[in-house]
Amino acid sequence: MPTILRLLGATAALAAAGTAEAIQSKYNLAPPVTEIAREIHWLHWFLLIICAVIFVGVFGVMFYSIYAHRKSRGAVAATFHESTKVEIVWTIIPFLIVIAMALPATKTVVAMKDTSNADITIKATGYQWKWGYDYLKGEGEGITLLAALSTPRDQIDGGNDAARIANTHYLIEVDNELVVPVDKKIRVITTANDVIHAWFVPAFGVKQDAIPGFVRDTWFRAEKTGTYRGQCAELCGRDHAFMPIVVRVVSQEDYTKWVGEKKQLMAALADDPNKKWELAELVDRGGKVYAANCVACHQANGQGVKGAFPALDGSPIVKGEKADHINIILNGKNAMPAWKALSDVELAAVATYERNTWGNKAGEIQPSEIKAARK
Amino acid sequence: MSAVTHDHHGHAGHDHAHDDHSHAPTGWKRWLFATNHKDIGTMYLWFSFTMFLVGGTLAFGIRAELFKPGLQIFQPEFFNQLTTMHGLIMVFGAIMPAFVGFANWMVPLQVGAPDMAFARMNNFSFWLLPPAALLLVGSFFVPGGAPAAGWTIYAPLTVQMGMGMDMGIFALHIMGASSIMGSINIITTILNMRAPGMTLMKMPMFAWTWLITAYLLIAVMPVLAGAITMTLTDRHFGTSFFNAAGGGDPVMFQHIFWFFGHPEVYIMILPGFGIVSQIVPVFARKPLFGYASMVYATASIAILSFIVWAHHMFTTGMPVTGQLFFMYATMLIAVPTGVKIFNWVATMWRGSLTFETPMLFAIGFIFVFTMGGFTGLILAMAPIDIQLQDTYYVVAHFHYVLVAGSLFALFGGVYFWLPKWTGTMYDEKLGKVHFWCSMIFFNVTFFPMHFLGLAGMPRRYADYPMQFADFNMLASIGAFGFGLSQLILLYVVIKSIRGIGPKASDNYFDAKDDGLEWTVPSPAPFHTFETPPKLEWKSVH
């Protein structure tokens, strides 16, 4: 079986080249860095070898028959057409084989489901089309991250082919990586804001759907530091291919350091809820929020996409009553998702940006107004 | 050889009132008002071939975009429409109607019935399909475009679609109604209209597999109708079946969908098993090995298919006991499926084999379908499935069972019975070229997808990281080759219809044991078995 040889060869090559930095696999499952992923690896080889042996056996017989029992070689057909004994044997033997396969798998299923006694609990929320992370429990509690694709758009839509080809992390790089300590049990709670997504990191052997309105959980304990990359695995609309997952596994000290820096940064960035913002400040901040969240549908020029996403430039809602504008941003409508997850300042900024960009000129919206509208 | 003592040469031998029945109506009325099972079967087959080309064209689009990384041809929203519509059209427009077409043509001929039980309903169930297909394909041209939520149309993504989604839903409703009517017809024909002396356990395997398939269809098509109706009301009438905010559950859609969807998988493969079980004995010149166990295995697969649906949903997060139950139940299906493979190989063993095109496709089917079966077994293991779910491994797996499985069985069936339909032998040389092109390009297309999936490339991606570039390019090249190879089939079929080639005798492959179709002339006259054949069955079953 050339397939098997090829697979074996590929795995051997990968093992030989195995370093701490995650290697992108090509022929086989990603090199495992958790106990579960290792078990999955083993199970896959176990099954593949059993299947290959059966395959060679059955088709060895068939191809021998094709060679030896052909009419052109003068073969005369026999007349047998049943044998209860043989038929019982080849019903029972496969039955025993599948039991032998199921036993080790059962052990792994039970282990995968055991999310108890986690050191750190992180909530991963799927958005169209990015991931949000909230550190809920354990060291780093209170940290929140929003991780969006950081590959420049011009590499994707063909403006810059050379940069794409040179980019080894094309489509698997994000602006804010999830950071976790090595050798700690990390429980990941998944949920979603709009449609179903799936949080998938191959090297951890983890894939868990993120379902809007529900929480599910999974866990991993990474045994090696390094950066591990995965992608959303459940079709979630247009930019399904553009919401990767990047997890940086660091040593305990580095993690403590990171938590400290992150908390300082967050304190510095926190907006004063009572501050009265100037129009220019809001537009400036809103431009960034717009670029991160809105531009994919409504486009940079505010013209939207005809037939799918409405134009904001000249839109009666954007230029009209503040309450309607706030309402649609907060609660969504049809394909427009609800943006409740963004902060009051961000929402006020983006609304103000929309009201005062392109041909629009409709005044500002203050964070306090968003706060009031949330109730 | 089954000997039949009746006058099957209807128009030659009769000198009385039957005359007016023996001339086929002509012109468009022949087709629009068709009640003849052969005409309706022909229409089904042409319809499904047309949809096969449409679905294939969409696949060309998919593979062209995936030829290299980056977005070159289509935007992701249109790419999602392509994958969704490719799936829906191939499943509901190509594979399913093709098997119904075979059933229409061959079931009455095999069991010795003059026609299908409900001839007018038969007309209706076919003529529902073209409007459904127009709705489905037409959705590309409405604002917002075609459905883009995958052929599995998971909630709540479906709520974000434009009116194309509603057109898709109505199309599925209509096709479902058509399938149910077709199934009622097939069941009634088989249970009530078999020739005297043909007990169920003497029936040709193709009729058997269709009998079981028809029951599956009747059981699950209403379930699909329910799921998509709930989607429709969630979209437009403020219900919250699949919306947590209103007390619903998106995962419930998946449960309902796959309760339909898993038996659906067997709906698409069991008649293929039947066709292969007809072909192999003829070219092995030896009776089918283990006929009774074939019947029991088919029935077991059908029954098990109802208790394995959640293996499509291991990553939604279900309790340990749920995962274990669905894992064990799924693995059990390997047993009856294995029995079928062993029986086919045993049928070939010590036969006197020749390798005409139908036999090549049958052997190709057994060989490649088994690979799809093995990857299915690997995917049945919950831990491995969690790693491979929604990756290209799954895409490889189901194309191995649906293309190399269902489609190769259909191709084999076309070559096997084409001379019976047209009266002219097909072009053997071109048939073999078609087989080898299909076989080679199929594997070039789909074998690399196993590697892509193992390495972690998710499916339904318009663009992908660099590590997946080589295999995607290879798969695209294979796909173009595979698609173009199918034009050979079209040419061979047209050639045979136009009568270019040697005339076919009644029993042109010298079949020994099975099927009354070999007792009627080729082409089969417009009316057959107007008086039931008396059969002195010498079959070994």
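Numbered from 1 within each chain, the chains take letters A, B, ... in sequence-line order.
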Side chains of B:N472 and B:Y392 only: does a donor on one sit below 3.5 Å from an acceptor on the other?
no
Can you tell me which of B:P156, B:A149, B:G144 forms the most heavy-atom pairs within a distance under 4.5 Å of chain A?
B:P156
Given heavy-atom pairs under 4.5 angstrom as the criterion, report whether the side chain, backbone, both or neither of A:D161 touches chain B.
neither
Tell me, for A:F63 versus chain B, whether the close heavy atoms (under 4.5 Å) come from the side chain, the backbone, both or neither.
side chain
So which residue, A:G230, A:C236, A:P244, A:A37, ends up with the most heavy-atom pairs under 4.5 Å with chain B?
A:C236
For the residue pair A:Q231 and A:F242, establish whether any side-chain heavy-atom pair is separated by less than 4.5 Å.
no
Flag the pair A:V110 / A:D114 as yes when at least one side-chain heavy-atom distance between them is below 4.5 Å, and no otherwise.
no
Could you have a look at A:F214, A:F95, A:F309 and say which one has the most heavy-atom pairs with chain B under 4.5 angstrom?
A:F214
Evaluation steps, ring pair (Phe, Tyr, Trp, His ring centres under 6.0 Å), between B:W344 and B:F365:
CA-CA 11 Å; B:W344 288 321; B:F365 167 96; 5.8 Å; yes
Looking only at heavy atoms and a cut-off of under 4.5 Å, which of A:T218, A:I54, A:I165 has the most pairs with chain B?
A:I54
After noting the C-alpha distance and the side-chain angles of A:L235 and B:Y461, does the key distance pass the side-chain contact (heavy atoms from CB on, under 4.5 Å) rule?
CA-CA 8 Å; A:L235 178 62; B:Y461 263 31; over 6 Å; no
Contacting moiety of B:F367, where chain A heavy atoms sit under 4.5 Å:
both
Side chain / backbone / both / neither for A:V61 at chain B, heavy atoms under 4.5 Å:
both
side-chain contact (heavy atoms from CB on, under 4.5 Å) between B:M449 and B:F471, intermediate numbers included:
CA-CA 7 Å; B:M449 290 188 188; B:F471 282 137; over 6 Å; no
Compare all side-chain heavy atoms of A:N193 with those of A:P212 and state whether any distance is below 4.5 angstrom.
no
Counting heavy-atom pairs under 4.5 Å with chain B, which one of A:D239, A:V201, A:I36, A:T91 comes out on top?
A:T91
Go through the steps to decide whether A:I172 and B:Q467 satisfy the test side-chain contact (heavy atoms from CB on, under 4.5 Å), and finish with yes or no.
CA-CA 11 Å; A:I172 40 176; B:Q467 76 194 92; 4.1 Å; yes
Hey, are the side chains of B:F451 and A:K26 touching, using non-hydrogen atoms and a 4.5 Å cut-off?
no
Cut-off 4.5 Å, heavy atoms of chain B, and the answer for A:E39 is neither
Chain A contact via B:N80 - which portion, at a heavy-atom distance below 4.5 Å:
side chain
Flag this pair as yes if the NZ/CZ of A:R73 is under 6.0 angstrom from the six-membered ring centre of A:Y67 and inside a 45 degree cone about the axis; otherwise no.
yes
At under 4.5 Å between heavy atoms, what parts of residues 372-379 of chain B are in contact with chain A? List them by residue number.
B:F374, B:L377, B:I378
Contact origin within B:F314 toward chain A - heavy atom pairs under 4.5 Å:
neither
Please classify the contact between B:F78 and chain A as side chain, backbone, both or neither, with a heavy-atom cut-off of under 4.5 Å.
neither
Residue A:R164 versus chain B: region with a heavy atom under 4.5 Å
both
Is chain B contacted by the side chain of A:I92, its backbone, both, or neither, given a heavy-atom distance below 4.5 Å?
neither
Residue pair B:Q254 / B:T316, side-chain heavy-atom distance below 4.5 Å:
yes
Checking A:M336 against chain B: side chain, backbone, both or neither under 4.5 Å from a heavy atom?
neither
Which atoms of A:S83 come close to chain B, meaning under 4.5 Å heavy atom to heavy atom: side chain ones, backbone ones, both, or neither?
both
State, with a plain yes or no, whether a side-chain heavy atom of B:D463 is found less than 4.5 Å away from one of A:L171.
yes
B:Q389 versus chain A, the contacting section by heavy-atom distance below 4.5 Å:
both
Which atoms of B:A346 come close to chain A, meaning under 4.5 Å heavy atom to heavy atom: side chain ones, backbone ones, both, or neither?
both
Among A:V206, A:L43, A:L29, which residue satisfies the side chain to side chain contact (heavy atoms under 4.5 Å, CB included) criterion with B:Q387?
A:L29
In terms of heavy-atom proximity below 4.5 Å to chain B, should A:C232 be classed as side chain, backbone, both, or neither?
both
Within the 4.5 Å heavy-atom criterion, are B:T391 and B:L452 side-chain neighbours or not?
no
Among B:F283, B:F355, B:F468, who wins on heavy-atom pairs under 4.5 Å with chain A?
B:F355
Under a plain distance cut-off of 3.5 Å, with no hydrogens placed, do B:N343 and B:S293 share a side-chain donor-acceptor pair?
yes
I'd like to know whether A:K340 forms a side-chain contact (heavy atoms from CB on, under 4.5 Å) with A:N331, so could you lay out the CA-CA distance, the side-chain angles of the two residues, the decisive distance to 0.1 Å, and finally the verdict.
CA-CA 7 Å; A:K340 285 194 183 103; A:N331 301 315; 3.5 Å; yes
Side chain, backbone, both or neither of B:D470 within contact of chain A (heavy atoms, under 4.5 Å):
side chain
Cation-pi check, B:K68 to B:Y464: give yes when NZ or CZ is under 6.0 Å from the six-membered ring centre and within 45° of the ring axis, no otherwise.
no
Surrounding CZ of A:R38 (heavy atoms of other residues, nucleotides or ligands, distance under 6.0 Å), is the total greater than 12?
yes
Under 4.5 Å to a heavy atom of chain A? For B:M381 that would be side chain
The interface call for A:E87 against chain B, heavy-atom contacts under 4.5 Å, is side chain
If I measure from the heavy atoms of chain A, does B:Q81 come under 4.5 Å with its side chain, its backbone, both, or neither?
neither
How about B:R285 and B:T354: does a side-chain donor come under 3.5 Å of a side-chain acceptor?
yes
Portion of B:M331 that has a non-hydrogen atom of chain A nearer than 4.5 angstrom:
both
Less than 4.5 Å to any heavy atom of chain A: does that hold for the side chain of B:A380, its backbone, both, or neither?
neither
Answer with yes or no after comparing the ring centroid distance for B:F253 and B:F242 against a 6.0 Å cut-off, counting only values under it.
yes
Between B:A334 and chain A, with a heavy-atom cut-off of 4.5 Å, which part of the residue counts as in contact: side chain, backbone, both or neither?
side chain
Of A:I66, A:V58, A:T151, the largest count of non-hydrogen pairs under 4.5 angstrom with chain B goes to A:I66
Between A:I211 and chain B, with a heavy-atom cut-off of 4.5 Å, which part of the residue counts as in contact: side chain, backbone, both or neither?
side chain
Going by atom types alone, do B:Y291 and B:S277 pair a side-chain donor with an acceptor below 3.5 Å?
no
Contact part of B:R235 toward chain A, heavy-atom cut-off under 4.5 Å: side chain, backbone, both or neither?
neither
With the side chain counted from C-beta on, respond yes when A:H69 and B:M348 share a heavy-atom pair under 4.5 Å apart, and no when they do not.
no
Heavy-atom cut-off 4.5 Å, strictly under: side chain, backbone, both or neither for A:A198 against chain B?
neither
Quick check: B:Y393 with B:H450 (ring centres under 6.0 Å apart)?
yes
With a 4.5 angstrom heavy-atom cut-off, could you sort out which part of B:V339 is near chain A: side chain, backbone, both or neither?
both
Given heavy-atom pairs under 4.5 angstrom as the criterion, report whether the side chain, backbone, both or neither of A:M112 touches chain B.
side chain
